Amino acid sequence: MEGLAEKEGYIDVPGGKVWFVRVGTGSKTPLVVLHGGPGGTHHSLKAGLQDLADERPVFFYDQLGSGNSERPGDPSLWQLDRFVEELECVRQALNLDEIHLLGHSWGTMLAATYLINRKPKGVRSITFSSPCLSAERWKRDADVLISKLPQEVREAIVRNEERGTTDSEEYRNAVEEYYKRHLIRIDPLPEVVIQNRAKSNSEVYLTMWGPSEFCPTGNLKTFDCTSELDQIAIPALFVCGRYDEATPESTQYYQSLVPHSQFHVFENSAHYGYLEDSDEYKALLRSFMNEVELSLM
């Protein structure tokens, strides 16, 4: 958004330095955005959400290993607990005593774990955007979505996963057919999404998640925080797209476990609601954060 001040820099975290950018200098409570992945970047989220910075500072950062942040070659760093500590380091370094928090996709795993395990002070609200809060449930949903793909695509996915050839062109092509339906439905892809993919780190993604969105084989494959979601006692908003791989049914189930939380589906979106239904997404998020702040006055 033109005319809004930006400040960027680097922050020391366990394992290296992460890059951040602050957009805007408004007086309302800052928003901190956790990108998807693992191994993704801030680019598409910044494009979708930076307009919110007319009222409040909005902070984006690239998690260690991807985007503009340092890329250490130590695979032992790619663990959920280290990313939780990284978030705490970012807050401390930027003196973010009070924040709204938004996690997208993998960022919802990170946000939920941070809230449940750390019980941090000063988090005024949480937005779970296209959440994955149970890897098993995510995989189960994906299997249903895959069953609705053309037969040749389904067979290519099964064949390559069984053979361990998920690095093949055939598998990549089949994955793209799934992604066109359930990741982002804008055609051609927005430049920020292409940029996001180019600056992501596939090694982090493979180590923590797997070879594709629907094939969890990494260290997050057993992640499930659903039994602890009732510990989240701050205002919470759950959103997803009608065609999202984070299905409306599962997103509403997660929402039902968090007391006094809200749920919304973007009817024209898959996984990138903040780009596919951009105006509605921003209006909803803006209203949610403002209502939370009014309730605290």
Side-chain angles (χ1 to χ4, degrees), residues 1 4-50 52-53 56-127 129 192 195-196 198-205 207-208 219-220 274 289:
M1 186 173 184
L4 287 174
E6 292 194 13
K7 177 184 178 180
E8 61 182 79
Y10 287 87
I11 296 167
D12 288 316
V13 301
K17 295 179 183 292
V18 299
W19 174 92
F20 78 92
V21 60
R22 183 204 68 209
V23 185
T25 57
S27 60
K28 293 188 176 181
T29 304
L31 170 65
V32 175
V33 179
L34 308 178
H35 65 66
T41 81
H42 77 286
H43 289 94
S44 60
L45 280 157
K46 182 172 182 283
L49 300 180
Q50 64 183 345
L52 298 171
R56 69 188 71 246
V58 183
F59 289 84
F60 305 89
Y61 72 96
D62 286 333
Q63 296 156 23
L64 191 68
S66 61
N68 298 325
S69 294
E70 290 185 348
R71 297 185 174 224
D74 180 1
S76 70
L77 295 169
W78 314 137
Q79 299 287 337
L80 174 58
D81 288 345
R82 196 215 59 82
F83 285 97
V84 169
E85 179 62 24
E86 176 181 283
L87 170 56
E88 183 61 30
C89 288
V90 169
R91 280 192 70 187
Q92 291 178 6
L94 297 174
N95 297 314
L96 294 172
D97 296 331
E98 294 191 0
I99 62 168
H100 296 281
L101 190 61
L102 181 148
H104 179 73
S105 196
W106 135 255
T108 65
M109 292 177 161
L110 174 54
T113 304
Y114 179 60
L115 294 174
I116 292 166
N117 291 357
R118 295 294 184 98
K119 296 180 171 52
K121 295 180 180 179
V123 182
R124 297 307 178 211
S125 78
I126 173 64
T127 298
S129 176
V192 288
Q195 186 179 26
N196 203 66
K199 293 195 173 185
S200 295
N201 188 330
S202 60
E203 289 304 313
V204 178
Y205 184 79
T207 299
M208 296 187 72
N219 58 44
L220 291 172
Y274 55 86
M289 291 188 293

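Predicted, not measured: the structure shown is a model, and the values here were computed from it.
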> Nearest 0.5 Å, what's the CG-CG distance between Leu101 and Leu34?
Replying inline: 4.5 Å

>> Could you check whether any side-chain heavy atom of Ile11 comes within less than 4.5 Å of a side-chain heavy atom of Glu86, counting everything from C-beta outward?
In response: no

> Hey, what do you get for CZ (Phe20) to CG (Leu94), rounding to the nearest 0.5 Å?
Replying inline: 5.0 Å

>> side-chain contact (heavy atoms from CB on, under 4.5 Å) for Met289 and Lys28? Distances and angles first, verdict last.
In response: CA-CA 9 Å; Met289 291 188 293; Lys28 293 188 176 181; over 6 Å; no

> Just how far is it from atom OG of Ser200 to atom CG of Asp62, taken to the nearest 0.5 Å?
Replying inline: 8.5 Å

>> Under the rule for salt bridge (Lys or Arg N to Asp or Glu O under 4.0 Å), what residues qualify as partners of Asp81, not counting sequence neighbours?
In response: none

> If we only count heavy atoms from C-beta on, is the Leu110 to Gln63 side-chain gap below 4.5 Å?
Replying inline: yes

> Got a sec, which residues hit ring-ring contact (aromatic ring centres under 6.0 Å, His included) with His42, two or more places apart in sequence or on another chain?
Replying inline: Trp19

> Just wondering, do His35 and Asn196 contact through their side chains at under 4.5 Å, heavy atoms?
Replying inline: no

> Roughly how far, to the nearest 0.5 Å, is CD of Glu6 from OG1 of Thr25?
Replying inline: 11.5 Å

>> Rounded at 0.5 Å granularity, tell me how far CD in Glu85 sits from CG in Leu64.
In response: 12.5 Å

> Does anything in residues 84-106 pair up under ring pair (Phe, Tyr, Trp, His ring centres under 6.0 Å), and if so which pairs, sequence neighbours excluded?
Replying inline: Phe83-Trp106, His104-His271, His104-Tyr274

>> Does any part of the side chain of Phe60, heavy atoms only, come nearer than 4.5 Å to the side chain of Val32, both counted from C-beta?
In response: no

> How many angstroms lie between CG in Leu115 and CG in Leu87, if you round to the nearest 0.5 Å?
Replying inline: 8.5 Å

